[in-house]
Amino acid sequence: MSAPPIPSSPVRSVGITPPDSSLWTRLTTFASENKAVVYTIGAVVVVAGAGGIYYISQQSRESGKAGKAKKDRRKDIKDKASSKEKKVADENLSQPSEQEEAYPEVNEEIVQTLTPEQKKDYASKLKAAGNKAYGNKEFDLAIELYSKAILCRPDPIFYSNRSACYNSLSQWQKVVDDTSAAIALDPEYVKALNRRAHAYEQLENYSAALLDFTASCIIDGFRNEGAAQSVERLLKKVAEAKGKAMLAARPKKLPSCTFVSNYLQSFRQKNRPAGLEDTASLQEETGDYHLRAGLQAVERKSVDGYEEASEEFEKAMQLGTNFEAYALNWRGTFKYLRGDPMEALEDVSKSIQLDNTMTQSYIKRASMLLELGDREGASMDFTTALEKNSEDPDIYYHRAQLHFILGEFGEAAKDYQKSIDLDRDFIFSHIQLGVTQYKMGSIASSMATFRRCIKNFDKTPDVYNYYGELLLDQQKFQEAIEKFDTAVEMERTAKPMAMNVLPLINKALALFQWKQDFGEAEKLCERALIIDPDCDIAVATMAQLLLQQGRVQEALKYFEKAAQLSRTEGEIVNALSYAEATRTQLEVQEKYPQLANKLQGMGGMR
Ligand SMILES: *[C@@H]1O[C@H](CO)[C@@H](O)[C@H](O)[C@H]1NC(C)=O
Ligand SMILES: *[C@@H]1O[C@H](CO)[C@@H](O)[C@H](O)[C@H]1NC(C)=O
Ligand SMILES: *[C@@H]1O[C@H](CO)[C@@H](O)[C@H](O)[C@H]1NC(C)=O
């Protein structure tokens, strides 16, 4: 058995967010564990174990039939050709140098004078000559011969043959035209579909290519590895292109309340600077006043609070404040959360220039640099921060996060431990240490760490939530659900309107994996979405649950919404890959109703 996939969501939710973070890893794992594929077809073909086999055998029986019919037709032509007509036709053969492979002279006028039998005969001779020319790489000649064959008889094979020549000449639009003609005559002509898909890809029409490759996979019963790989490659291309456009077009929006709270609480709470206390008397409409209002709004830990805080910090900066470095740090933090790491970086760098004693600025800049792919820069900021204050547990905690994301678990464990040694009261160091031990394969120490956590932090819902995730990973469903329930109850009592919804979603996953209980799982996701409507994890989980049930149309909506809600480009692309896959499947079903029926039937056979 392969090593169990490790839930790494604590990384995502507690602190630095990796560029391609764990929500999607988890959902992908979730999907593959349930034998649904990343792309389309997953829901209807792969999930349906027995159905899939039925489908494939049905398919091969049919293609077998078709193949036989074609062979018969060819035999027919041969028989006829060897009959008396052959002699007559031979008289009109053009005479290439030798006696081998002569072919008839044909134009539109001549064709009109031919009998059906003669047309067939001419066509097959021309095609044979075309194949020969193609074999000799005389593509122009081959094109001419296939064209004449088509004049005699519009056979999908001749179009496909001619498209092969254009393909060799890299004349992609002509390949599209000919393969389209072939497909119009034979809608399930897999070879032509694959060739057209390839041409579309060359023409950079990726969604058209994706559609053709997907159709070809379904018609072919997934027997062609190459086509399946092409589907994945194109999904990525389409999703990347759409993701870039989406990112450029959409207003920068704060992520969900759950996300923001988790990010902010990954730093130890620090007292406000002297002069910004609740009791300090500040004149209205000054930068300092708005700065304090922003801090107060942050402390409300709610969606509205965060939106308001973000505006207040902006105002504070516009009006000018006596705490400029501090205000820049906060404005930068919110820009980062909005998914604008470049501007955030500017603010935080300026903050550091003004006041190089705030170690938090270095830590935050490190997470921004990491998101922009600059690992070295991130690493340097940690070093500088430690030079400023080697006893700051935050620095070790966040450097541990960096190691964790880079898969350097030994280093990560050391830093978490150091952070704990400096301050035992910060729960997330303990949680992350436990997850890291789990990742390193020390399951026993990991479980021990969590049991200790529960003893020392028995009022903290996060402990139960993440402990539950590790139990779920070990398929200890009952225990995992108990932990999630405890976490939900604690969250609900503590902050009913702004609760962290992760335990609800985890419970939904557990119920689905354990009992295939779609109904209950959906209800839990819906509950999470009422509390935190912008929670991308809840939306994406819902989409997966719907896809698993073959409710493709509904799943598509949720995948699209998940993309809208995703914060980083990596996450958007990931959500869009699912969305595109789902959409393509729907399009294939529309274009090929005969396949749609089969696929639908299989979906229901689960
Ligand atoms: C051969 O060609 C001549 C003229 O080119 C035409 O009259 C005759 O019908 C052709 N014979 C056949 C069998 O096609
Ligand atoms: C033409 O079509 C036939 C039948 O599909 C095939 O065997 C042959 O390889 C094709 N030739 C080319 C050049 O595509
Ligand atoms: C891609 O191909 C499809 C199908 O032929 C066509 O409808 C669409 O306009 C093409 N898109 C682009 C961008 O050329």
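All heavy atoms count here, side chains included; hydrogens, waters and symmetry mates do not. All residue numbers in this chain count up from 1 along the given sequence.
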Could you tell me whether a side-chain N or O of [X] sits under 3.5 Å from a main-chain N or O of [Y], the two making a donor and an acceptor?
{"X": "Asp394", "Y": "Arg268", "answer": "yes"}
{"X": "Ser230", "Y": "Gly226", "answer": "yes"}
{"X": "Thr333", "Y": "Asn329", "answer": "yes"}
{"X": "Thr436", "Y": "Gln432", "answer": "yes"}
{"X": "Ser419", "Y": "Pro393", "answer": "yes"}
{"X": "Ser349", "Y": "Leu345", "answer": "yes"}
{"X": "Arg292", "Y": "Ala280", "answer": "yes"}
{"X": "Thr321", "Y": "Met317", "answer": "no"}
{"X": "Gln474", "Y": "Leu470", "answer": "yes"}

Exercise. Give the C-alpha distance, both sets of side-chain angles, the deciding distance and a yes or no for side-chain contact (heavy atoms from CB on, under 4.5 Å) between Val298 and Trp330.
Key: CA-CA 10 Å; Val298 167; Trp330 274 106; 4.2 Å; yes
Self-check item: Audit row: Leu547, Phe559, side-chain contact (heavy atoms from CB on, under 4.5 Å) steps and yes/no
Solution: CA-CA 10 Å; Leu547 191 62; Phe559 281 131; 4.0 Å; yes
Any Lys/Arg nitrogen of [X] or [Y] sitting under 4.0 Å from an Asp/Glu carboxylate oxygen of the other?
{"X": "Glu240", "Y": "Lys236", "value": "yes"}
{"X": "Glu308", "Y": "Arg300", "value": "yes"}
{"X": "Arg272", "Y": "Asp278", "value": "yes"}
{"X": "Glu201", "Y": "Arg233", "value": "yes"}
{"X": "Glu307", "Y": "Lys253", "value": "no"}
{"X": "Glu411", "Y": "Lys414", "value": "yes"}
{"X": "Glu580", "Y": "Arg583", "value": "yes"}

Is the number of heavy atoms from other residues, nucleotides or ligands within 6.0 Å of [atom1] ([X]) greater than 12?
{"X": "Lys270", "atom1": "NZ", "value": "yes"}
{"X": "Met380", "atom1": "CE", "value": "no"}
{"X": "Lys557", "atom1": "NZ", "value": "no"}

If I compare all heavy atoms of [X] with all of [Y], which pair ends up nearest, and what's the gap?
{"X": "Ala480", "Y": "Leu472", "answer": "CB-N, 3.7 Å"}
{"X": "Pro255", "Y": "Leu337", "answer": "CD-O, 2.9 Å"}
{"X": "Leu372", "Y": "Pro341", "answer": "CD2-CG, 3.7 Å"}
{"X": "Gly468", "Y": "Lys483", "answer": "CA-CB, 3.9 Å"}
{"X": "Ala378", "Y": "Leu402", "answer": "CB-CD1, 4.3 Å"}
{"X": "Lys561", "Y": "Pro533", "answer": "NZ-O, 3.8 Å"}

Contact check, side chains of [X] and [Y], non-hydrogen atoms, under 4.5 Å:
{"X": "Phe409", "Y": "Gln437", "answer": "no"}
{"X": "Asp381", "Y": "Ile363", "answer": "no"}
{"X": "Leu422", "Y": "Glu391", "answer": "yes"}
{"X": "Tyr336", "Y": "Glu371", "answer": "yes"}
{"X": "Leu504", "Y": "Lys507", "answer": "no"}
{"X": "Leu295", "Y": "Phe313", "answer": "yes"}
{"X": "Leu328", "Y": "Gln353", "answer": "no"}
{"X": "Met447", "Y": "Tyr438", "answer": "yes"}

To the nearest 0.5 Å, how far apart are [atom1] in [X] and [atom2] in [Y]?
{"X": "Glu491", "Y": "Thr460", "atom1": "CD", "atom2": "OG1", "answer": "10.0 Å"}
{"X": "Glu571", "Y": "Leu576", "atom1": "CD", "atom2": "CG", "answer": "12.0 Å"}
{"X": "Ile572", "Y": "Leu565", "atom1": "CD1", "atom2": "CG", "answer": "10.0 Å"}
{"X": "Lys335", "Y": "Met342", "atom1": "NZ", "atom2": "CE", "answer": "12.5 Å"}
{"X": "Ile537", "Y": "Phe259", "atom1": "CD1", "atom2": "CZ", "answer": "9.0 Å"}
{"X": "Tyr362", "Y": "Leu386", "atom1": "OH", "atom2": "CG", "answer": "11.5 Å"}

Listed partners of [X] passing ring pair (Phe, Tyr, Trp, His ring centres under 6.0 Å), at least two apart:
{"X": "Phe267", "result": "Tyr263, His398"}
{"X": "Tyr396", "result": "none"}
{"X": "Tyr206", "result": "none"}

[X] and [Y]: side-chain donor and acceptor closer than 3.5 Å?
{"X": "Thr258", "Y": "Asn500", "answer": "no"}
{"X": "Asn262", "Y": "Gln265", "answer": "yes"}
{"X": "Ser261", "Y": "Tyr306", "answer": "yes"}

Quiz item: Given the side-chain rings of Phe428 and Tyr397, with only the six-membered ring counted for Trp, is the space between their centroids under 6.0 Å?
Solution: no
Exercise. Apply side chain to side chain donor-acceptor pair (under 3.5 Å) to the pair Asp392 and Thr359, showing each step before the final yes or no.
Key: CA-CA 8 Å; Asp392 181 346; Thr359 45; 2.8 Å; yes
Exercise. Just say parallel, tilted or perpendicular for the rings of Phe404 and Tyr416, cut-offs at 30° and 60°.
Key: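 Aromatic pair Phe404/Tyr416 classed perpendicular.
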Quiz prompt | Residue pair Arg452, Thr449: steps toward the side-chain contact (heavy atoms from CB on, under 4.5 Å) verdict | solution = CA-CA 5 Å; Arg452 255 198 324 274; Thr449 301; 3.6 Å; yes
Quiz item: Between Tyr200 and Leu234, does a side-chain contact (heavy atoms from CB on, under 4.5 Å) hold up when you go through it step by step?
Solution: CA-CA 11 Å; Tyr200 274 137; Leu234 282 158; over 6 Å; no
